[in-house]
Amino acid sequence: MQRKILVTNALPYANGAIHLGHMLELIQTDIWVRFQKQRGHECYLVCADDTHGAPIMLSAEKEGITPEQLINRVYVEHTRDFASFHIGFDNYHTTHSDETRECAEQIYLALKANGLIDVRTIEQYFDPIKLMFLPDRFIKGECPKCGAKDQYGDSCEVCGAAYTPTDLKNAYSAVTGAKPELRSSEHYFFKLSDPRCQEFLQTWTREPGRLQAEASNKMQEWLGDPDSNAVAANPLTDWDISRDAPYFGFEIPGAPGKYFYVWLDAPIGYMGSFKHLCNRTGLNFDDFWGAQSTAELYHFIGKYILYFHALFFPATLQFSGHRTPTKVFAHGFLTVDGAKMSKSRGTFITAESYINTGLNPEWLRYYFAAKLNGSIEDIDLNLEDFAQRVNSDLIGKYINIASRAAGFIAKRFGGALLGIEDKQFRADLPGIIEAADEIAANFEVRDTARAVRRIMALADTVNQYVDKNQPWTLAKDSTKDAQLHHVCTTLINAFRLLTIYLKPVLPMLAANAEAFLNVATLQWSDAGALLPAAHVIKSYAHLMQRIDPKQIEALIAANVHSLEATATVTAAVAAPTPVSLEPEIMITDFTKVDLRIARILDAQHVVGADKLIQLTLDIGEENPRNVFAGIKSAYDPATLIGRHTVMVANLAPRKMKFGMSEGMVLAASGEGSPGLFLLSPDAGALAGMRVK
RNA sequence: GGUGAUGUAGCUCAGUCGGUUAGAGCAUCGGAUUCAUAAUCCGGGGGUCGGUGGUUCAAGUCCACUCAUCACCA
């Protein structure tokens, strides 16, 4: 039966770069969603940038731009990073949108009509120069417990004490340095202390399957024990959902100068993003969010925001006429080499730096998949282990299978396969077909670590099969052609099955493997059948490069003191040597140049060429273009496959030493400064789009 | 300080309901092989299961305490 599934992952805050901690969650979510789609289910992944709040407002001000300008810029950066790691969002939106505003207002008004909104006056620190109330994080002072200086308003980094800003000694505003004043103001509260909320959450958080066991335990701490006769030891307090102007966010209906707190509209951003998708595609919003919805709804989050997703958000949904999440999936933190990510050690690794250093995003996808098991345990990225494991598993075990068989199939049998009986295959390589259900079950419960272990164990048995049958020996005896053909066909079929199993984790590699196998997009159900007799496969080209430990070193180097590095680059760019421009042209001259977005289908070294890389480019034509590009000094072909760039599509074909070049790709370079930089369109651009 | 987790080989991790001699991959060592990008196969070495105490015929597994790490809360 086809399931109807909506998935979200936590909204990244629009105030900083995407780093590998974000990628852990994005990759986990993407693998799960790709798996569901591959299984034939109706499944959507939506997310958005979280754009509201004081930090955004103040950051923008510091840069001398509007919050809108800031979040627009960050949106471009974020979506670029997601695309480069193959995160397949069905919609990536922003919380600063009409859709999110509509949802937030509707929810607020419904809660209000339900008697769950309370207004009361509270006292808060106020910056007398900036004329704004200060969030806890923007008040600093001396720790009331240990006396450490320059501590934030919520907790002390030196002694670990937690307190409120008013406890700080010699408090000052982190924005202006002024001494903050206590001022009172009316705030709006969501009445979580209402018995209806308490009762609902006590039941909801304990329902089997809603939360992971560890998460459910943790929630009981906040909710108190419903089985005890005493009043819950730790009853929920009402949740302050308003902030005073100036605040970058949505004004609360009927409350001039009051804005929704960013954490109210952030999860509602899931709904806003989905609504945007509905408006685009005609999906029915209420089928997924209405109180009567029978669709499945899942939120992937980090464990540190369980509080919001397992308590506040379900309660706001429940009492505003919506359905609640089917399940909330929390994951742990990412550490690098056993420690918190650190900017000074270079382990605070941004997604952008990972890609720019030339590392393949699927290496990271595989490594994370190999470690994620669906629990909320922390995950460590051990860089040495990362290189060894990816090289050994993916290249040594899995890809090697195709590589070992393909040569014989091409040279001896013209690329054509033998027909293999299902029964025969199961006898030759027991377990490979049979494992499909078990591996699927592992993916379903997000135990990708177990799935990967199982798949690699299968790859081991395939390599043992090669060793046992020694195709290279068979190849020397002309009477054993049929046997050789059988062995190699079995191997290609095994490779195809493993590709099906790995596809959620390695979508680009799988796409390239599909091209090699000359098959249509592989669905999970394709594991039920082998390739037919006389099926012809394409010639084999290496599907993935090994990790060179030097690349890891370069990655760390690129992230050490990343702030200074950025500053240096900016300075270098700011002082270019004066350039002499080409003679002025008219627009008609320019439009003669037909620039197109090209997707790099394949990139290969050119034997005998010092500077060239051979590119296969898709610009939406029937046949892909063959283009030679002089970018070998700056790019590793393997890292180019799958990315988009810009090409001159109407350049006269030119015969080169190594073949016909049907266009050129564009790259930036500077006189005297090293480096060569291919152009990339922002996320969303499709192969064949005109650039003008 | 309280609560929730985690701790198993050099590294990364399995270990179900308590049940033979605690497993795998990688790394390392020895051998084989040459189809494959030095890839692959066979074999060896390597562990007081963080520590202490308990329950039990039997504990990596259950209980108590304790140490270390992480998070949340006060």
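The chains referred to below are lettered A, B, ... by the order of the sequence lines, with proteins before strands, and numbering in each begins at 1.
- Comparing the C1' positions of B:U28 and B:G47 gives a spacing of 16 Å, expressed to the nearest Å.
- The aromatic ring centroids of A:Phe308 and A:Phe313 lie 6.0 Å or more from each other.
- A distance of about 16 Å separates the P atoms of B:U48 and B:U61, rounded to the whole Å.
- B:G50 sits 16 Å from B:C70 when the C1' atoms are compared, rounded to a whole Å.
- Taking the side chain as every heavy atom from C-beta outward, A:Asn493 and A:Leu429 never approach each other to under 4.5 Å.
- Distance, A:Ile301 CD1 to B:A71 P: 17 Å, rounded to whole Å.
- B:G19 and B:C62 have their C1' atoms separated by 14 Å, with the value rounded to a whole Å.
- One atom, CZ of A:Phe308, and another, C1' of B:C73, lie 13 Å apart when rounded to the nearest Å.
- A:Asn391 comes within contact range of no nucleotide atom at all, as no heavy-atom separation falls under 4.0 Å.
- The shortest distance between side-chain heavy atoms of A:Phe443 and A:Thr448 falls below 4.5 Å.
- Checking A:Arg389 against A:Asn382 by side-chain atom types alone, no donor-acceptor pair falls below 3.5 Å.
- Taking atom P on both B:U66 and B:G2, the two are 9 Å apart, rounded to the nearest angstrom.
- An OP1 or OP2 oxygen of B:U12 is reached within less than 4.0 angstrom by a side-chain nitrogen or oxygen of A:Asn382.
- B:A14 is unpaired under the criterion used here, namely a Watson-Crick or G-U wobble arrangement in which both key atom distances are under 3.5 Å.
- A centroid separation of 6.0 Å or more is found between the aromatic rings of A:His309 and A:Tyr307.
- Distance check: A:Ile537 CD1 to A:Ile409 CD1 gives 5.5 Å after rounding to the nearest 0.5 Å.
- Looking at heavy-atom distances under 4.0 Å, A:Lys371 makes contact with sugar-phosphate atoms alone, never a base.
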Measure all distances between protein nitrogen or oxygen atoms and nitrogen or oxygen atoms of nucleotides 26-28 of chain B, and list the pairs falling under 3.5 Å.
unit_1	atom_1	unit_2	atom_2	d
B:C26	O2'	A:Gln388	OE1	3.1

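- Across B:A68 and B:C26, the matching P atoms stand 36 Å from one another, rounded to whole Å.
- Not one side-chain nitrogen or oxygen of A:Gln212 sits closer than 4.0 Å to the OP1 or OP2 atom of B:A5.
- With respect to A:Asp380 and A:Lys371, no salt bridge is recorded, no charged nitrogen being found less than 4.0 Å from a carboxylate O.
- Using a 4.0 Å heavy-atom cutoff across all strands shown, A:Phe333 reaches sugar-phosphate atoms only and no base atom.
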Can you give me the N/O atom pairs linking the protein to nucleotides 34-38 of chain B at distances under 3.5 Å, or say none if there are none?
unit_1	atom_1	unit_2	atom_2	d
B:C35	O2'	A:Arg404	O	3.3
B:C35	O2	A:Arg404	NE	3.2
B:C35	N3	A:Arg404	NE	3.1
B:C35	N3	A:Arg404	NH2	2.7
B:C35	N4	A:Arg404	NH2	2.8
B:A36	O3'	A:Ser403	OG	3.1
B:A36	O2'	A:Asn400	ND2	3.0
B:A36	O2'	A:Ser403	OG	2.4
B:A36	N3	A:Arg404	NE	3.2
B:U37	OP1	A:His542	NE2	2.9
B:U37	O4	A:Met544	O	2.5

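- Of the residues A:Ile301, A:Ile27, A:Thr29, the one that meets the side-chain contact (heavy atoms from CB on, under 4.5 Å) test with A:Asn9 is A:Thr29.
- A 3.5 Å limit on both hydrogen-bonding distances identifies B:C72 as the Watson-Crick or G-U partner of B:G2.
- Comparing B:A5, B:A14, B:U12 by their nearest atom to the side chain of A:Asn373 picks out B:A14.
- Residues A:Glu377 and A:Arg453 both approach RNA chain B. Their nearest nucleotides, taken by heavy-atom distance, put A:Glu377 toward the 5′ side.
- Between the C1' atoms of B:A14 and B:G44, the separation comes to 22 Å (whole Å).
- Of the nucleotides present, none pairs with B:U56 by Watson-Crick or G-U wobble criteria with both distances under 3.5 Å.
- Of the C1' atoms belonging to B:U33 and B:U20, the separation is 37 Å, rounded to the nearest Å.
- Checking B:U40 for Watson-Crick or G-U wobble geometry (two distances, each under 3.5 Å) identifies B:A32 as its partner.
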Taking it one step at a time, do A:His542 and A:Tyr540 satisfy ring-ring contact (aromatic ring centres under 6.0 Å, His included)?
-> CA-CA 7 Å; A:His542 297 307; A:Tyr540 175 81; 5.6 Å; yes

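- Counting non-hydrogen atoms under 4.0 angstrom, A:Glu384 reaches nothing in the nucleic acid.
- The environment of CD in A:Glu438 is crowded: more than 12 heavy-atom neighbours from other residues, nucleotides or ligands sit within 6.0 Å.
- In this structure B:A9 sits in no base pair that meets the Watson-Crick or G-U test at under 3.5 Å.
- Across all strands shown, B:U48 remains unpaired; no Watson-Crick or G-U wobble contact has both distances below 3.5 Å.
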Test A:Tyr125 against A:Phe138 for ring-ring contact (aromatic ring centres under 6.0 Å, His included), laying out the working first.
-> CA-CA 10 Å; A:Tyr125 269 137; A:Phe138 288 88; over 10 Å; no

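- In this structure, B:U61 makes no Watson-Crick or G-U wobble pair, since no nucleotide meets both defining distances under 3.5 angstrom.
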